[in-house]
Amino acid sequence: MSVSGDPAFLKSLSDATWKAVRDAEINLPPDVKTRLEHAHRNESVLVARKELENILENIRLAEERSAPLCQDTGIPVMYVTIPPGFSWSPEMEQAVHEGIKKATNDVPLRPNLVHPLTRENTRTNTGLEMPPVHVCTGDRFTITALPKGAGSENVSRIHMMNPSEKGSIPRFIVETMLKAGGRPCPPVFLGVGVGGTFDKAASLAKEALLEPVDSMTEYEQDICDQVNRLGIGPMGLGGDTTCLVVKVKFAGCHTASLPVAVNIQCWAARRATVEVSL
């Protein structure tokens, strides 16, 4: 089935993009808020508990005023699922970009996208091969926005490890957070990609940030506990709560390789999914 040139469908796709970006910027997902509330109840350090109170108040005010959660509204990384029988087209990608442009103007969002060398700003958060739009097959036609700010993105890391170093993966993740310190605005969510290729590991790490955060595997929980023992605390001021959740995604890899990527996400783990009307 092809609807790539249907103006009504392209308008629906653009509108769904606009809503996904807007919702992600203003409202944190319930599982993320629950994690923050749980951390606030269990934090033993007074300064850290006050910082978590400030974060929760920030979230409440953003919802009340329909305003972005953070001054760094980021660059929206987009994920699309299309039902079997559909094909992705350049017109659809353009419709997604139109939705981002409209959200940038309407919400409004800070125009963050610049040329890497001239630093000229496109003023729309689109252009220059950006933002990335990842497309895969799913049961429904959906679009998901994952706004990613620079503070946490800049301290993310990737390492091509030797296969014999698989036992050192947790240490690399903990070391990444130790180097980051308070710069990514903790408490953080850590998305980890293990395996694949150089580029696949980074994609997996970012996709891991889309996973529900209401549970962790034993492997993820152990890494999370190690990160929290660093004592960096909310906003880097010390405390029990440095990391809220670790999510790890795996892929097969070359027998001579072991890529590991860590994508750090600040406390504002923003994501929103909207179904596209067909």
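Count residues from 1 along the sequence.
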- Checking side-chain contact (heavy atoms from CB on, under 4.5 Å) for the pair Val80/Phe86: CA distance, chi angles, key distance, verdict? CA-CA 12 Å; Val80 180; Phe86 275 79; over 6 Å; no

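- Thr241 and Glu43 form a side-chain donor-acceptor contact under 3.5 Å, judged by distance and modelled atom types alone.
- More than 12 non-hydrogen atoms from other residues, nucleotides or ligands lie less than 6.0 angstrom from CD of Glu37.
- You'll find the side chain of Pro76 stays beyond 4.5 Å of the side chain of Leu146, heavy atoms only.
- Judged by distance alone, with hydrogens and angles left aside, the side-chain atoms of Asn125 form no donor-acceptor pair with the main-chain N or O of Leu109 at under 3.5 Å.
- The local environment of NZ in Lys33 is crowded, with over 12 non-hydrogen atoms from other residues, nucleotides or ligands closer than 6.0 Å.
- Note that the CG atom of Leu52 and the CG atom of Asp240 stand 9.5 Å from one another [nearest 0.5 Å].
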- Item | salt bridge (Lys or Arg N to Asp or Glu O under 4.0 Å) between Glu25 and Arg22, worked out | CA-CA 5 Å; Glu25 295 283 0; Arg22 182 184 180 280; over 6 Å; no

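- Lys101 places none of its side-chain heavy atoms less than 4.5 Å from the side chain of Asn105.
- Legend: residues meeting ring-ring contact (aromatic ring centres under 6.0 Å, His included) with His134, ordered by chain and number and at least two apart, are Tyr79.
- A salt bridge links Lys11 with Asp15: the closest approach of a Lys/Arg side-chain nitrogen to an acidic carboxylate oxygen falls below 4.0 angstrom.
- At least one side-chain heavy atom of Met235 sits under 4.5 Å from a side-chain heavy atom of Cys185.
- Within the 4.5 Å cutoff, no side-chain heavy atoms of Thr273 are placed close to those of Leu210.
- Here the closest non-hydrogen pair linking Ser277 and Ser12 is O-OG, 2.9 Å.
- The number of heavy-atom neighbours closer than 6.0 Å to NE2 of His115, taken from other residues, nucleotides and ligands shown, is above 12.
- Pairing each heavy atom of Pro186 with each of Gly236, the nearest pair is CG-N, 3.7 Å.
- Between the side chain of Asn27 and the backbone N or O of Ala62 there is no donor-acceptor pair closer than 3.5 Å.
- With values rounded to the nearest 0.5 angstrom, Glu211 atom CD is found 10.5 Å from Asp214 atom CG.
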- Please walk me through it: do Thr124 and Thr104 pass side-chain contact (heavy atoms from CB on, under 4.5 Å)? CA-CA 6 Å; Thr124 64; Thr104 299; 5.6 Å; no

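- The number of heavy atoms from other shown groups lying within 6.0 Å of CZ (Arg60) is above 12.
- Atom CZ in Arg35 sits 8.0 Å away from atom CZ in Phe189 (nearest 0.5 Å).
- Hydrophobic clustering keeps Leu209 apart from Ile75 (ILVMFWY residues linked when any side-chain heavy atoms are closer than 4.5 Å, directly or through intermediates).
- Under a hydrophobic-cluster definition in which Ile, Leu, Val, Met, Phe, Trp and Tyr are linked whenever side-chain heavy atoms come within less than 4.5 Å, directly or via other members, Val245 and Leu204 are assigned to different clusters.
- The ring-ring contact (aromatic ring centres under 6.0 Å, His included) search around His40 returns none, not counting sequence neighbours.
- Side-chain heavy atoms closer than 4.5 Å link hydrophobic residues (I, L, V, M, F, W, Y) into clusters, and following such links, even through other members, never connects Leu128 to Ile100.
- A distance-only check finds no donor-acceptor pair linking the side chain of Gln265 to the backbone of Ser152 [under 3.5 Å].
- Using bins of under 30°, 30° to 60° and over 60° for the plane-to-plane angle, the ring pair Trp88/Phe141 lands in the tilted bin.
- Using a 4.0 Å cut-off between charged side-chain N and carboxylate O, Lys206 and Glu153 make a salt bridge.
- The main-chain N or O of Ser156 is never found under 3.5 Å from a side-chain atom of Asn263 such that the two would form a donor-acceptor pair.
- Rounding to the nearest 0.5 Å gives a distance of 4.0 Å between SG of Cys224 and CE of Met216.
- Under the 3.5 Å distance criterion, the side-chain polar atoms of Arg171 are left unmatched by any main-chain donor or acceptor of Gly167.
- Few gaps surround CZ on Phe250; more than 12 heavy atoms of other groups in view lie less than 6.0 Å from it.
- Here Ser215 pairs with nothing under the side-chain hydrogen bond (donor to acceptor under 3.5 Å, both in side chains) rule; sequence neighbours left out.
- In terms of hydrophobic clustering, with Ile, Leu, Val, Met, Phe, Trp and Tyr side chains grouped at heavy-atom distances under 4.5 Å, Leu178 and Met161 are assigned to a common cluster.
- For the pair Leu10/Ser14, no side-chain contact is recorded, criterion being any heavy-atom separation below 4.5 Å from C-beta on.
- Side chains of Thr142 and Thr81: a donor-acceptor N/O pair is present below 3.5 angstrom, by distance only.
- Ile82 and Val77 sit in two unconnected hydrophobic clusters of ILVMFWY residues. Membership requires side-chain heavy atoms under 4.5 Å apart, directly or through other members.
- How far OG of Ser168 is from NZ of Lys166: 11.5 Å, rounded to the nearest 0.5 Å.
- Using a 4.5 Å cut-off on side-chain heavy atoms (C-beta onward), Leu237 and Glu51 make contact.
- Separating the CG atom in Asp6 from the CD atom in Glu91 is a distance of 11.5 Å, to the nearest 0.5 Å.
- The closest side-chain heavy-atom distance from Asn54 to Pro234 is not below 4.5 Å.
- Counting heavy atoms from C-beta outward, Val96 and Met92 have side chains that stay 4.5 Å or more apart.
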